[in-house]
Protein chains: 2
Amino acid sequence: MRLTEKKLTSILRQRGYRLTPQRRAVLKVIALSSDHLTPAAIYERVRRKHPGIGLVTIYRTLAVLAELGLICEVHAGGSCRSYLMRKPPGHHHHLICSQCGRVVDFSDCDLGGLEQRLARENGFKIEGHLLEFLGLCPACQKSAQA
Amino acid sequence: MRLTEKKLTSILRQRGYRLTPQRRAVLKVIALSSDHLTPAAIYERVRRKHPGIGLVTIYRTLAVLAELGLICEVHAGGSCRSYLMRKPPGHHHHLICSQCGRVVDFSDCDLGGLEQRLARENGFKIEGHLLEFLGLCPACQKSAQA
DNA sequence: CAGGTAAGTGAAAAACGTTTTCATCTACAC
DNA sequence: GTGTAGATGAAAACGTTTTTCACTTACCTG
Ligand SMILES: [Mn+2]
Ligand SMILES: [Mn+2]
Ligand SMILES: [Zn+2]
Ligand SMILES: [Zn+2]
């Protein structure tokens with residue numbers, strides 16, 4: 001189900017929020033990216049088309065959108081907080097070189113079974129997961145031998 | 001296998017680190033707690049018996065202990081970073097409530113096959129992984145209905 | 001289509017949590 | 001003991017997030 005303008009307005013209004021150009025712009029940036037974006041990265045991108053926007057508004061908007069369940073917040077290693085659309089078509093994960101920081105994406109993780117078991121055993125409603133492998137990339141393995 | 005003073009010294013020295021009273025104190029606080037403790041909480045507790053210690057030392061010590069694999073770092077909702085003893089023998093993972101921050105541990109993740117495939121396809125030498133599920137705990141699901 | 005008002009915005013400042021810097025100190029090898 | 005690489009603490013720098021406040025705007029009502 002695509003998120004039409006109409007639907008978006010109604011979701012917001014249901015909780016007493018208004019649909020402003022700023023909120024539209026922030027949501028659009030997140031929707032068009034398949035990566036996790038930090039508040040700063042979102043700010044940068046939104047400003048390209050919307051130069052007057054304030055960083056404060058980014059934070060406030062992220063809080064509202066997350067509260068409404070339209071986007072979700074992810075905690076990763078480095079910059080800790082980032083956001084992405086709630087149900088992306090195939091989430092994605094990272095293989096990170098612990099030495100040079102190089103990142104490789106992958107998307108097939110096959111955690112469905114584990115997820116179901118954990119949900120059942122603990123009574124959780126699971127919304128997402130964070131999976132990162134850490135290791136040495138080919139280049140750093142070579143330089144480590146030297 | 002308990003972590004004796006002797007063993008600890010040897011683990012540290014293997015990498016060129018020294019065993020200082022401050023490091024001993026930080027590790028002790030973490031070992032005696034079954035919770036995840038933030039750097040600030042650790043600082044507070046260590047200071048009770050060790051008033052002169054600086055917060056900087058807490059941060060530096062946490063980085064060293066995590067690098068050595070003696071403790072592990074957790075990213076949860078609110079205060080984001082916290083630490084706890086690494087539970088032998090296997091690694092352990094978290095199921096985190098995105099609303100109240102409650103954390104449930106689990107240890108069986110069965111990622112061996114995926115790990116091997118990623119290593120082969122990308123030439124990485126994989127050293128470890130981070131796996132966290134995010135969702136709503138039973139209590140927060142109830143309060144969400146209201 | 002006004003007009004009124006609650007909600008939203010942006011600039012600036014404050015509040016955090018974390019890292020860097022640097023002079024001093026100390027654990028440990030010899 | 002002595003020398004030295006490694007560790008510490010205070011202060012300052014830093015980047016991120018929140019608060020405050022005067023001003024503006026989306027949206028309801030008539
Ligand atoms: Mn990615
Ligand atoms: Mn845990
Ligand atoms: Zn985090
Ligand atoms: Zn690398």
Side-chain angles (χ1 to χ4, degrees), chain A residues 5-27 29 36-47 49-68 70-71 73-83 101, chain B residues 5-27 29 36-47 49-68 70-71 73-83 101:
Chain A
E5 186 92 347
K6 208 172 190 174
K7 181 115 184 104
L8 176 58
T9 308
S10 123
I11 292 175
L12 284 166
R13 211 160 321 158
Q14 228 162 13
R15 304 251 206 140
Y17 296 119
R18 296 173 181 177
L19 181 56
T20 64
Q22 291 91 338
R23 285 179 180 161
R24 238 190 302 254
V26 169
L27 190 56
V29 159
H36 310 169
L37 299 174
T38 61
I42 293 167
Y43 178 47
E44 199 191 299
R45 296 188 188 201
V46 173
R47 272 212 298 186
K49 292 233 167 181
H50 221 281
I53 200 169
L55 179 54
V56 217
T57 297
I58 306 293
Y59 279 102
R60 286 190 283 229
T61 302
L62 291 173
V64 169
L65 295 177
E67 189 204 324
L68 295 177
L70 296 174
I71 61 176
E73 187 177 316
V74 172
H75 285 264
S79 42
C80 223
R81 220 174 16 164
S82 59
Y83 295 85
Chain B
E5 186 91 350
K6 209 173 189 173
K7 179 111 186 109
L8 176 57
T9 308
S10 120
I11 292 174
L12 283 165
R13 212 163 318 159
Q14 231 162 11
R15 305 252 206 137
Y17 296 119
R18 294 172 183 178
L19 182 55
T20 64
Q22 291 91 337
R23 286 179 178 161
R24 238 191 301 256
V26 169
L27 190 56
V29 159
H36 305 169
L37 299 173
T38 61
I42 293 166
Y43 179 47
E44 198 191 298
R45 296 188 189 202
V46 172
R47 271 213 297 188
K49 291 233 167 179
H50 222 280
I53 200 169
L55 179 54
V56 216
T57 297
I58 305 292
Y59 278 102
R60 285 191 283 230
T61 302
L62 292 174
V64 169
L65 295 177
E67 188 203 323
L68 296 176
L70 297 174
I71 61 176
E73 185 177 318
V74 175
H75 284 262
S79 42
C80 220
R81 222 175 12 166
S82 60
Y83 295 85

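Letters A, B, ... are given to chains in the order of the sequence lines, protein chains preceding strands, and every chain is numbered from 1. Please read all numbers here as calculations on a predicted model, not as lab measurements. Values below: every heavy atom of this structure, side chains too, minus hydrogens, waters and symmetry copies.
Taking the side chain of A:Q22 as heavy atoms from C-beta on, and the options D:dG9, C:dT9, D:dC27, the nearest nucleotide is C:dT9. Checking C:dG8, C:dG10, C:dA27 against every side-chain atom of A:Y17, the shortest atom distance belongs to C:dG8. Closest contact between the side chain of B:P21 and the listed nucleotides C:dC28, C:dA27, D:dG9 involves C:dA27.
Without hydrogens or angle criteria, B:S10 side chain to B:K6 main chain gives no donor-acceptor distance under 3.5 Å.
Figure legend: B:R81 and B:Y83 shown without cation-pi pairing, the cationic atom not lying both under 6.0 angstrom from the six-membered ring centre and within 45 degrees of its axis.
Distance CD (A:E73) to C1' (D:dT17): 12 Å, rounded to an integer number of Å. The CG-P distance, from A:L62 to C:dG8, rounds to 15 Å in whole Å. Computed from coordinates, the A:R24 CZ to C:dG8 P distance equals 14 Å when rounded to whole Å. Protein atom CG of A:L55 is 14 Å distant from nucleotide atom P of D:dT19, rounded to whole Å. Rounded to an integer number of Å, the gap from CD1 of A:I42 to C1' of D:dT16 is 14 Å. What separates CD1 of A:I53 from P of D:dT24 is a distance of 18 Å, to the nearest Å. Look at CG on B:L12: it is 10 Å from P on D:dT8, rounded to the nearest Å. Computed from coordinates, the A:R81 CZ to D:dT18 C1' distance equals 10 Å when rounded to whole Å.
Each of B:L19 and B:Y59 has a nearest nucleotide on DNA chain C; the 5'-most of these lies closest to B:Y59. Mapped onto DNA chain D by nearest heavy atom, B:G16 and B:I58 fall at different nucleotides, with B:G16 at the one closer to the 5' end. Comparing B:R18 and B:R60 by the nucleotide of DNA chain C whose heavy atom lies nearest to each, the residue mapping closer to the 5' end is B:R60.
Taking the side chain as every heavy atom from C-beta outward, A:L8 and A:L70 approach each other to under 4.5 Å.
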Could you walk me through whether B:V26 and B:V29 satisfy the side-chain contact (heavy atoms from CB on, under 4.5 Å) test, starting with their C-alpha distance in whole Å, then the side-chain angles of each, then the deciding distance to 0.1 Å, before giving a yes or no? CA-CA 5 Å; B:V26 169; B:V29 159; 6.0 Å; no
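Among the protein residues, B:R23 comes within range of the sugar-phosphate backbone only, with heavy atoms under 4.0 Å from sugar or phosphate atoms but none that close to a base.
For the OP1/OP2 pair of D:dG9 and a distance below 4.0 Å, the side-chain nitrogens and oxygens of B:T57 include at least one atom meeting the criterion. Between A:T20 and C:dT9 there is a side-chain polar atom (N or O) within less than 4.0 angstrom of OP1 or OP2.
In this structure, CG in A:L12 is found 6.5 Å from CZ in A:R23, a value given to the nearest 0.5 Å.
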